[in-house]
2 protein chains.
Amino acid sequence: MPDFIFKGKVYYNPVQLVMEQIGGVWKMPILWRLKDHTMRYGELRNDIPHISDKMLTTQLRELEKDGYVHRQVYAVVPPKTEYSLTERGREVIPLITQIREYGSSLIEKEAQKA
Amino acid sequence: MPDFIFKGKVYYNPVQLVMEQIGGVWKMPILWRLKDHTMRYGELRNDIPHISDKMLTTQLRELEKDGYVHRQVYAVVPPKTEYSLTERGREVIPLITQIREYGSSLIEKEAQKA
DNA sequence: TTCGATACATACTTTTTGGTTAGTATTTGA
DNA sequence: TCAAATACTAACCAAAAAGTATGTATCGAA
């Protein structure tokens with residue numbers, strides 16, 4: 001597997017690309033919430049434990065730039081913004097499902113031992 | 001999904017745990033090489049482009065500590081160490097396969113556009 | 001006229017991750 | 001006696017990711 005270029009940046013392998021697009025602590029949890037419905041900013045904020053405004057905003061912006069979520073701003077006061085998955089976002093859900101399942105299985109095994 | 005504790009550390013969700021165990025730039029590429037055979041340190045080193053001694057060593061140690069790889073040291077000179085997957089390591093391969101496939105599909109789509 | 005509601009932005013600090021360079025231990029064979 | 005081979009270790013630095021704390025714009029309602 002040789003190096004390749006994606007959107008102007010060099011990657012060493014496909015895993016690295018995926019990690020950059022949906023890796024980190026918050027991106028998959030965000031995508032997961034949007035799995036089957038649109039959500040407002042504040043709803044995401046309330047639904048994802050421990051996330052800060054800064055993290056929620058930056059991660060949403062990156063997911064938008066990379067084509068995973070759609071951002072719909074309504075010109076009302078107080079402001080209202082709705083987030084939803086794009087086609088690409090929907091396509092990545094099975095992968096997240098498998099990662100979550102694997103994580104849960106790790107936790108279960110650990111619980112059995114203790 | 002509430003917080004939980006795994007080996008003494010608090011996690012916010014299962015994704016975060018998986019990311020910590022096999023995330024980052026190098027761990028999955030390492031596990032992938034060991035997929036169907038034991039490899040010596042130097043073989044891994046030569047086979048994984050751009051990886052440094054420091055990264056290879058630290059990531060192997062963490063994978064060993066977390067139970068994904070087995071480390072077999074032979075008392076010979078010059079030194080010889082063989083790495084192989086444990087049961088847990090083998091179990092995680094399907095997940096890595098899917099992540100790689102997803103990454104490859106991203107690359108393909110991007111190539112079609114350009 | 002001020003307040004409340006919402007979705008942010010900004011500045012700053014800390015933590016984590018990764019990269020670079022150089023060095024070490026051991027024994028066999030030239 | 002010295003070089004070669006292998007699997008590391010250590011010290012240091014840079015970059016990226018994440019956390020914390022505070023501020024802001026807008027408009028309608030009270």
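For the numbers below, each heavy atom of this structure counts, side chains included, while hydrogens, waters and symmetry mates do not.
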R45(B) side chain near dT6(D) phosphate (N/O to OP1/OP2, under 4.0 Å): no
DNA chain D: 5'-proximal contact among V25(A) and P78(B) (nearest heavy atom): P78(B)
Heavy-atom side-chain proximity of V15(A) to W32(B) below 4.5 angstrom: no
Pair E20(B)-Y11(B), side-chain donor/acceptor within less than 3.5 Å: yes
Separation of atom CZ in R61(A) from atom C1' in dA18(D), rounded to whole Å: 18 Å
Touch class at under 4.0 angstrom, heavy-atom based, for S52(A) against every strand present: base
D53(B), nearest nucleotide to its side chain (from dT6(D), dT9(D), dG19(D)): dT9(D)
Integer-rounded Å distance: dT20(D) P and H50(A) NE2: 11 Å
Sub-4.5 Å side-chain heavy-atom contact between K54(A) and Q59(A): no
Modelled atom types, side-chain donor and acceptor of Y68(B) and E62(B), under 3.5 Å: no
Atom-to-atom span, CD1 of I51(B) to C1' of dC8(D) - whole angstrom: 14 Å
Gap between atoms CD and P, on Q59(B) and dA7(D) respectively (whole Å): 18 Å
Gap between atoms CG and P, on L56(A) and dA17(D) respectively (whole Å): 17 Å
Touch class at under 4.0 angstrom, heavy-atom based, for T57(B) against every strand present: base
Nucleotide dA18(D), atom P - distance to CD1 of I48(A) in whole Å: 13 Å
Sugar-phosphate only, base, or nothing, as touched by R40(B) at under 4.0 Å among non-hydrogen atoms: sugar-phosphate
Position toward the 5' end of DNA chain D (nearest nucleotide), G23(A) or V77(A): G23(A)
Any I22(A) side-chain heavy atom under 4.5 Å of D66(A) side chain: no
Side chain of P79(B) (C-beta onward), nearest among dA5(D), dC8(D), dA7(D): dA7(D)
Interatomic distance, M39(B) CE vs dA7(D) P [rounded to whole Å]: 11 Å
Lys/Arg-Asp/Glu bridge criterion (N-O < 4.0 Å) met for R90(A), E87(A): yes
Contact under 4.0 Å: R71(B) side-chain N or O vs dA7(D) OP1/OP2: no
Where chain B begins and ends its contact with DNA chain C, read 5' to 3' at 4.0 Å from heavy atoms: dG18(C) to dT27(C)
dA18(D) base / K54(A) side chain donor-acceptor hit below 3.5 Å: yes
Contact under 4.0 Å: Y41(B) side-chain N or O vs dT9(D) OP1/OP2: no
Interatomic distance where CD belongs to E43(B) and C1' belongs to dT6(D) [whole Å]: 12 Å
Donor on one side chain, acceptor on other, N46(A) and Y41(A), under 3.5 Å: no
Nearest-0.5 Å distance, OG1 of residue T81(A) to CD of residue E43(A): 11.5 Å
Sugar-phosphate, base or nothing in reach of Y74(A), heavy atoms under 4.0 Å: nothing
